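Since we're looking at a predicted model, the values are computed, not measured.
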Amino acid sequence: MFVSGLLPMADQGSASWLSLVMFALPLLLVFYFLMAGRARQKAATARSRAVAVGDKVVTTSGLYGTVVALSDSIASLETAPGVVMEFDRRAILGAIDDKPVTER
């Protein structure tokens with residue numbers, strides 16, 4: 001085995017265990033990152049779908065505005081008085097809290 005060549009003092013049992021760990025660890029890491037990415041995607045979709053007309057929102061590019069119209073794929077945001085911009089609904093990061101921050 002390749003690992004036993006690297007560890008001449010190791011017996012065959014520990015070398016096979018080490019090779020199993022070296023094989024399984026990258027697979028577990030890939031699985032973990034895939035699952036974490038899927039969870040983030042689900043959370044982002046849920047935040048995007050929870051937005052309603054009248055909510056103050058921020059887009060993924062950092063633009064703040066108020067939702068004035070929604071369709072299945074497009075959100076119209078009023079970014080300034082009288083200025084309405086259309087965005088892909090997936091670009092909505094989420095609703096923001098417009099409560100003033102109190103000092104500590």
Side-chain angles (χ1 to χ4, degrees):
M1 291 199 117
F2 176 72
V3 176
S4 62
L6 292 176
L7 302 171
M9 300 296 287
D11 62 356
Q12 193 64 23
S14 65
S16 65
W17 181 82
L18 184 60
S19 64
L20 177 66
V21 169
M22 289 176 59
F23 176 73
L25 187 61
L27 291 177
L28 291 173
L29 287 173
V30 167
F31 179 76
Y32 172 76
F33 286 125
L34 287 174
M35 291 296 109
R38 188 171 291 166
R40 276 193 308 274
Q41 183 66 35
K42 280 185 178 182
T45 302
R47 280 193 313 270
S48 173
R49 291 290 169 196
V51 172
V53 174
D55 287 350
K56 292 184 187 290
V57 296
V58 63
T59 65
T60 55
S61 62
L63 184 79
Y64 288 84
T66 303
V67 179
V68 293
L70 286 173
S71 72
D72 286 339
S73 61
I74 296 174
S76 298
L77 303 182
E78 184 176 30
T79 56
V83 178
V84 177
M85 302 173 73
E86 290 184 345
F87 287 87
D88 189 314
R89 195 165 175 162
R90 294 173 295 183
I92 305 280
L93 188 59
I96 58 171
D97 210 6
D98 57 342
K99 297 176 186 173
V101 178
T102 58
E103 294 184 29
R104 296 178 194 211

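Contact between V68 and V84 at its shortest, heavy atoms only, is CG2-CG1, 3.9 Å. When all heavy atoms of L63 and F87 are compared, the closest pair comes out as CD2-CZ, 3.1 Å. Closest approach of V51 and A95 over heavy atoms only: CG2-N, 4.4 Å. Contact between L70 and A75 at its shortest, heavy atoms only, is CD2-CB, 3.6 Å.
V57 and V53 fall within a single hydrophobic cluster, where Ile, Leu, Val, Met, Phe, Trp and Tyr are joined by side-chain heavy atoms under 4.5 Å apart, directly or via other members. In the hydrophobic clustering of ILVMFWY residues, with side-chain heavy atoms under 4.5 Å counting as a link, M22 and L29 come out apart. Linking Ile, Leu, Val, Met, Phe, Trp and Tyr residues whenever their side-chain heavy atoms come within less than 4.5 Å places V83 and I92 in a single cluster. Side-chain heavy atoms closer than 4.5 Å link hydrophobic residues (I, L, V, M, F, W, Y) into clusters, and following such links, even through other members, never connects V67 to I96.
The one candidate from V58, T59, D55 that meets the side chain to side chain contact (heavy atoms under 4.5 Å, CB included) condition with L77 is T59.
The stretch residues 73-96 participates, sequence neighbours left out, in these salt bridge (Lys or Arg N to Asp or Glu O under 4.0 Å) pairs: D88-R90.
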